[in-house]
Amino acid sequence: MEEGGTDQAKDTGADNRPKVIYKRVLLKISGEALMGDQGYGLHPPTVERIAREVKSVRDLGVEICMVIGGGNIFRGLAGSAQGMERTTADYMGMLATVMNALAMQSALEGLGVFTRVISAIRMDEVAEPYIRRRAVRHLEKGRVCIFAAGTGNPYFTTDTAATLRANEMACEAIFKGTKVDGVYDADPLKDPDARRYADITYDDVLQKNLKVMDASAIALARDNDLPIIVFSLDEPGGFRGILAGEGTYTIVHG
């Protein structure tokens, strides 16, 4: 996809756009979110639906970067649990995230959104290497940056990678897209009496062992005062709505 001589005009229709809460955010989604109703791999219509959600937010003038897990293809911890050497399994999981990032890039560019896949493991034929200042410049030009291959190190999850990249990019919040509309004290899909938190502190998430993100990611967000907004990725327009000050979600903060 060629960009021509200029980048996207970020101010197209700016006068008609609602005022947004955040100007630069990171969207973290699991690899499983790309499966749709399948049990494995990628479901192209689901990938395109999520890409449309991202485009709708980009069209508000919000600068967006993304981190996508790899659990729909290979999960390092699962491989390790079955006897595979942990470091090797984790690297395989990182490669799975690159495949998902390329799929999302293809969907976004099919919608006319200039996108860069930036990998923590060098693979110059398919992705850019991670260089912080270059990634920031992409965001400033209105491109969506998809950070792939985690942190490039084993033993770190994509949750931790998302929090790390969000801090490095000076994002104002992390948006964690899930199957439910926030953080609950029990699984709402199994317990009809589960209570949703409108907001909750980092320390409470850690103490109650709530499955928002892994403990390292929560601690890194807490130490840098980076809010985490948990919302339903299955709710059409939910991502855009929250940025415009609407919708249902849980905010994790200090």
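The backbone N or O of Phe231 sits less than 3.5 Å from a side-chain atom of Thr178, completing a donor-acceptor pair. Between the side chain of Thr163 and the backbone N or O of Asp159, at least one donor-acceptor pair lies under 3.5 Å. Using modelled atom types, no side-chain atom of Asn224 and backbone atom of Leu226 make a donor-acceptor pair closer than 3.5 Å. Without hydrogens or angle criteria, Thr158 side chain to Ala161 main chain gives no donor-acceptor distance under 3.5 Å. One N or O on the side chain of Arg240 and one on the backbone of Ser56 form a donor-acceptor pair closer than 3.5 Å. Without hydrogens or angle criteria, Thr87 side chain to Pro154 main chain gives no donor-acceptor distance under 3.5 Å. Side-chain atoms of Arg58 never come within 3.5 Å of backbone atoms of Ile64 as a donor-acceptor pair (strictly under, hydrogens ignored). Asp181 places no side-chain N or O within 3.5 Å of a backbone atom of Ser232 that could act as its donor or acceptor partner. Put simply, the side chain of Tyr130 never gets that close to the backbone of Thr151: no donor and acceptor are under 3.5 Å apart.
Checked by atom type, the side-chain pair His253/Asp199 shows a donor-acceptor distance below 3.5 Å.
Note that the CG atom of Asn153 and the OH atom of Tyr91 stand 6.0 Å from one another [nearest 0.5 Å]. Atom CD1 of Ile50 is separated from atom CG of Leu34 by 5.0 Å, given to the nearest 0.5 angstrom. The CZ atom of Arg132 lies 11.0 Å from the CZ atom of Arg165; values are rounded to the nearest 0.5 Å. Note that CG of Asp223 is 11.5 Å distant from CD1 of Ile218, once rounded to the nearest 0.5 Å. Within the model, atoms CE of Met66 and CD of Gln105 stand 11.5 Å from one another, a figure rounded to the nearest 0.5 Å.
Enclosure of atom CE in Met99 is not indicated, since only 12 or fewer non-hydrogen atoms of other residues, nucleotides or ligands lie within 6.0 angstrom. Counting heavy-atom neighbours within 6.0 Å of Phe156 CZ, excluding the residue itself, gives a total of 12 or less. In this structure, Arg222 places its CZ atom where more than 12 heavy-atom neighbours from other residues, nucleotides or ligands lie under 6.0 Å away.
Taking each heavy atom of Gly69 and Asn100 in turn, the nearest pair found is O-ND2, 2.8 Å.
The closest side-chain heavy-atom distance from His43 to Asn72 is not below 4.5 Å. Considering only heavy atoms from C-beta on, Glu63 stays 4.5 Å or farther from Cys171 through its side chain.
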Apply the test salt bridge (Lys or Arg N to Asp or Glu O under 4.0 Å) to residues Asp187 and Lys179: give CA-CA distance (whole Å), side-chain angles for both, the deciding distance (0.1 Å), then the verdict.
CA-CA 11 Å; Asp187 187 344; Lys179 292 186 177 296; over 6 Å; no
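Annotation: side chain to side chain donor-acceptor pair (under 3.5 Å) contacts of His138 (sequence neighbours excluded): Glu128, Arg143. Asp124 pairs by the salt bridge (charged side-chain N to carboxylate O under 4.0 Å, His left out) definition with Arg122, not counting sequence neighbours.
Checking each of Leu139, Leu27, Val25, Ile118 against Cys65 for a side-chain contact (heavy atoms from CB on, under 4.5 Å) leaves exactly one that passes, namely Leu139.
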